[in-house]
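Throughout, residue positions are numbered sequentially from 1 according to the sequence presented. Just so we're clear, the structure is a prediction, and the values are computed from it rather than from any experiment.
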Amino acid sequence: MDDPTPNPSLQPDPATAGLRVYLVGGAVRDRLLGRVVRERDYVVVGARAETLRARGFQQVGKDFPVFLHPLTKDEYALARTERKTAPGYHGFTVHAAPEVTLEQDLLRRDLTVNALAEDAEGGIVDPYGGLADLEARVLRHVSPAFAEDPVRILRLARFAARFADLGFTVAAETQTLMREMVAAGEVDALVPERVWQELSRALCEPRPSRFFEVLRECGALARLLPELDRLWGVAQPLKWHPEVDTGVHAMLVLDMAARLSPLLEVRFAALCHDLGKGTTPAEILPSHHGHEARSVELLEAVCDRFRVPNRCRELARITAGQHGLVHKVEELRDTTVLDLLERTDALRRPERFEQMLIACEADFRGRTGYAERDYPQAALLRRLQAAVAALDVGAIARAAPEPRLIAGRIREARLAAIRTARQG
């Protein structure tokens, strides 16, 4: 896997002339995997901060040894070591000095596939077996220091989601270490903003279900998202859900949403649409009567806890609350359809209504044997929404003989539009 082609990003540069500079981390990994390199990070070995500042580099933060290149704005970090001094992921002491070696800098990284460096001639520096793990498609921690930073559990799970199509698995010893971290309470030290940051990134990966599966396997999901974790093992009616298990269904829906839309809010809505099934009373299982309202309640708690952006919260709320009606639109009375359009604010926010329909389609097709089926409910609702939206509400209001009759006349016209569109 060693690519001998010189890396153009490491060719002669006046700002770095005479310095020992290496391309590191994800850029090296992705280049070796044949993937597009979107960001480049560099390590400078044997230099001091004042040297980089004198060459026009801008330091990022007062006491952190990371600098922005004067022209490209790529990140250049002084080789450094880190030592844990307190619980969580903030409690670290950073030591950057000319005597810190490249191997020492790479040792502090999370995974062997990220602990690779490349010199200006294209030579790969691989002190911890990253090339072999790339070949074997294994995500493995570099050293026991992995356990010092609970964010690394989330990052590893995110990489698993990113590279799922390549068949990457988690090394057994890394899985054991993550379970030990969870048992020690390290995950509990994560602040909500950082959890959401990693979770939202994971939702945008090609197969986001892998993120949650990896977290579940090590016990972290139960600590971070118990509302989702409790779905596994909860039965659904075999008639409608050949996969039976609600947790399995949630992951099928999520991956289908990823297939149908690149939008974070659609994928988040798909993830959370059935949270209420985890609190269904045992005596009514496998039925889940009333789960929509319970899903909304649990969703609000999740959004409050992780400070989820409003656009994600709002779409997830209407999807969780209304997906049951959307699936049954062909059976609904005209008045119920109009109520659905109004509750989802479909006339004022048609883009969000469309996103809800995509999330509902993901729910329908996220079942064993349903992935390639059509979802005519979405097409029907689009037609009904368009018919109602096309009405000239202003003209209807002006034609009303009395102001108190305006609302009734508008509703009558909307119902008539729905009836006509249904027959078309």
Side-chain angles (χ1 to χ4, degrees), residues 24-29 39 41 43 60-61 63-66 75 77-97 100-117 127-130 133 138-163 168 170-202 205 210-225 305-307:
V24 295
V28 181
R29 177 201 66 223
E39 294 184 359
D41 295 319
V43 161
V60 179
D63 301 313
F64 203 62
V66 176
E75 288 192 359
L78 296 179
R80 67 186 189 268
T81 60
E82 295 175 349
R83 183 170 60 87
K84 180 144 178 150
T85 57
Y89 66 95
H90 282 306
F92 287 88
T93 297
V94 174
H95 174 66
V100 177
T101 67
L102 176 62
E103 289 74 18
Q104 287 174 314
D105 183 272
L106 295 176
L107 182 63
R108 68 178 177 79
R109 297 174 186 272
D110 51 3
L111 304 174
T112 60
V113 297
N114 296 333
L116 296 167
Y128 306 111
D133 282 341
V138 173
L139 300 173
R140 189 191 318 274
H141 63 285
V142 175
S143 76
F146 181 97
E148 296 177 351
D149 186 354
V151 172
R152 289 175 168 175
I153 294 178
L154 302 179
R155 278 173 50 83
L156 182 149
R158 179 159 57 84
F159 286 130
R162 178 178 302 177
F163 299 127
F168 271 81
V170 181
E173 62 268 32
T174 303
Q175 190 69 258
T176 298
L177 181 59
M178 292 194 298
R179 290 193 190 100
E180 292 172 352
M181 292 170 66
V182 172
E186 281 287 335
V187 170
D188 303 328
L190 289 169
V191 298
E193 292 87 350
R194 191 58 197 272
V195 175
W196 171 251
Q197 182 183 56
E198 292 295 329
L199 192 155
S200 60
R201 289 175 177 175
E205 297 291 359
R210 277 295 291 149
F211 175 80
F212 299 98
E213 290 165 358
V214 170
L215 294 185
R216 182 168 175 264
E217 287 164 3
C218 71
L221 189 62
R223 298 289 187 93
L224 298 172
L225 262 176
R305 186 162 73 248
F306 295 123
R307 301 183 177 97

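In this structure, the side chains of Arg80 and Leu78 stay at 4.5 Å or more apart for every pair of heavy atoms. Side chains of Ile153 and Val182 form a contact here, defined as non-hydrogen atoms less than 4.5 Å apart. Residues Val151 and Gln197 fail the side-chain proximity criterion, which asks for heavy atoms closer than 4.5 Å.
The backbone N or O of Glu103 lies less than 3.5 Å from a partner atom in the side chain of Tyr128, making a donor-acceptor pair. Arg155 places no side-chain N or O within donor-acceptor distance of the main-chain N or O of Glu198, the cut-off being under 3.5 Å.
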- Item | Val214/Arg210 under side chain to side chain contact (heavy atoms under 4.5 Å, CB included): CA gap, chis, key distance, verdict | CA-CA 6 Å; Val214 170; Arg210 277 295 291 149; 3.5 Å; yes
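Here CZ of Phe211 is found 5.0 Å from CG of Leu199. Values are rounded to the nearest 0.5 Å. Atom CG in Asn114 sits 4.5 Å away from atom CZ in Arg29 (nearest 0.5 Å). Separating the CG atom in Leu107 from the OG1 atom in Thr81 is a distance of 9.5 Å, to the nearest 0.5 Å. Here the straight-line distance linking atom NE2 of His141 with atom CD of Gln175 works out to 11.5 Å at 0.5 Å rounding. Taken to the nearest 0.5 Å, the CZ atom of Phe159 stands 9.5 Å off from the CZ atom of Arg201. Taken to the nearest 0.5 Å, the CG atom of Leu111 stands 5.0 Å off from the CG atom of Leu156.
Each ring pair (Phe, Tyr, Trp, His ring centres under 6.0 Å) pair with one or both residues in residues 174-198, not counting sequence neighbours, appears once here: Trp196-Phe268.
The environment of Glu173 atom CD is dense: over 12 non-hydrogen atoms of other residues, nucleotides or ligands sit within 6.0 angstrom.
Phe168 is linked by a ring-ring contact (aromatic ring centres under 6.0 Å, His included) to Phe163, counting only residues two or more places apart in sequence or in another chain.
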